[in-house]
Visitor: 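Quick one: the structure is below, questions incoming.
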Amino acid sequence: MTDKQPALNGEQSARRKLVRGVFGVPAAMALYSGSARANSSILTCIVNRNNTPQTLPVVTTPDAIYLRYQLWAFVNVANGTIRADDGYWLKGSELDAFNRLGKTHWLGTNWQRFDIATNRLGAMQSFVPVSSAGASLNFELRKVAYWVALRVDSEGRLVGAGASGTGSAVNASCWNSFAMGSPA
Amino acid sequence: MLELLRDGVASVTVARYVRRPGVRVEAVGEGWYAYSPASGETLRLNVEMAAVLELLDVGDEAAIAGVLAADTGLPVASIAASLTGIWDQLRDAGLIQRITDGAVPS
């Protein structure tokens, strides 16, 4: 009988393998860096994409396969209609998930208006958008069924949306790699 | 580690760690291997490091050193010295994250 506790989660116990009278310096050696390979793949794909930059249109269906962002807008809570006069918006903090290797996106913690007709960014502001309808409770800022392509430069930094900014929209496996390759 | 003076009394912040969500540690043959979804890395661990990861639930660094000292019959101080510096390595590898129990009088 031993007083050693079982390993966590039912794993084989390393404690039971310790030799009495011996304790070496704990060591961990990286065998394989999945993130490094992912980063390499990402960089190759976005460099190629930036050699022939592309712009993608605003879409209204959620099934398009490219790196994109779902816009915010003011919605009439009674009937679900969008108050277009108050514009469509990107929220900077939501783009943080795409920051890679210390390369932060262009929007920071700001909000930025987006013109779905011209597919271009508008004014940026530091505060949460408010409806021109005033203090009415009829309108709420919600995600709406408009998706805009995000633009990425050759180093992997988000630099714009729609047809605004440098860089390029990225699609197919390229945007999929972004989700996997972002280090904590 | 000495971190602050509160009401003129020196206090020590106890460093304590937990595994990051999704971390897996498996024994394969005579070795141990850990995978971190945060870093995307797989690491080979020696038995001492694997034992440390097993013991995160017992408490802070001192508590872990105490258990390992009891297991091996070695002085706590020598175990504690061996553990110095491994926390940053484990954290950088995405295997653990720090929690703080708060300050206790030294």
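In what follows, chains are A, B, ... by sequence order, proteins preceding strands, each numbered from 1. Just so it is clear, the values below take in all heavy atoms, side chains as well, and ignore hydrogens, waters and symmetry mates.
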Visitor: Where along residues 44-51 of chain B does a heavy atom come under 4.5 Å of chain A, listed by residue number?
Guide: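 Hits under 4.5 Å: Arg44(B), Leu45(B), Asn46(B), Val47(B), Glu48(B), Met49(B), Ala50(B), Ala51(B).
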Visitor: Would you check if there is a donor-acceptor pair between the side chains of Ser164(A) and Arg151(A) at a distance under 3.5 Å?
Guide: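 Checked: Arg151(A)/Ser164(A) side chains show no N/O donor-acceptor pair below 3.5 Å.
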Visitor: Not counting sequence neighbours, which residues clear ring pair (Phe, Tyr, Trp, His ring centres under 6.0 Å) with Phe23(A)? List them please.
Guide: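 Partners of Phe23(A) under the ring pair (Phe, Tyr, Trp, His ring centres under 6.0 Å) test: none.
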Visitor: Quick one: side-chain hydrogen bond (donor to acceptor under 3.5 Å, both in side chains) partners of Gln70(A), sequence neighbours excluded?
Guide: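 Expected list: none.
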Visitor: Between Leu68(B) and chain A, with a heavy-atom cut-off of 4.5 Å, which part of the residue counts as in contact: side chain, backbone, both or neither?
Guide: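 Side chain only.
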Visitor: Would you tell me whether Asn50(A) and Ser168(A) have side-chain atoms, one donor and one acceptor, within less than 3.5 Å of each other?
Guide: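 Distance-only check fails for Asn50(A) and Ser168(A).
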Visitor: Name the region of Tyr35(B), side chain, backbone, both or neither, that has any atom closer than 4.5 Å to a heavy atom of chain A.
Guide: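 Interface part for Tyr35(B): neither.
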Visitor: Could you list the cluster mates of Val22(A)? Members are the ILVMFWY residues connected by side-chain heavy atoms closer than 4.5 Å, either directly or through other members.
Guide: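 Taking Ile, Leu, Val, Met, Phe, Trp and Tyr as members, Val22(A) shares its hydrophobic cluster with Val19(A).
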Visitor: Strictly by modelled atom types, are Glu94(A) and Trp72(A) linked by a side-chain donor-acceptor pair under 3.5 Å?
Guide: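 Per modelled atom types, Glu94(A) and Trp72(A) side chains form a pair under 3.5 Å.
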Visitor: Taking the side chain as every heavy atom from C-beta outward, state whether Leu141(A) and Asp86(A) have any pair of such atoms under 4.5 Å apart.
Guide: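 No. Closest side-chain heavy atoms not under 4.5 Å.
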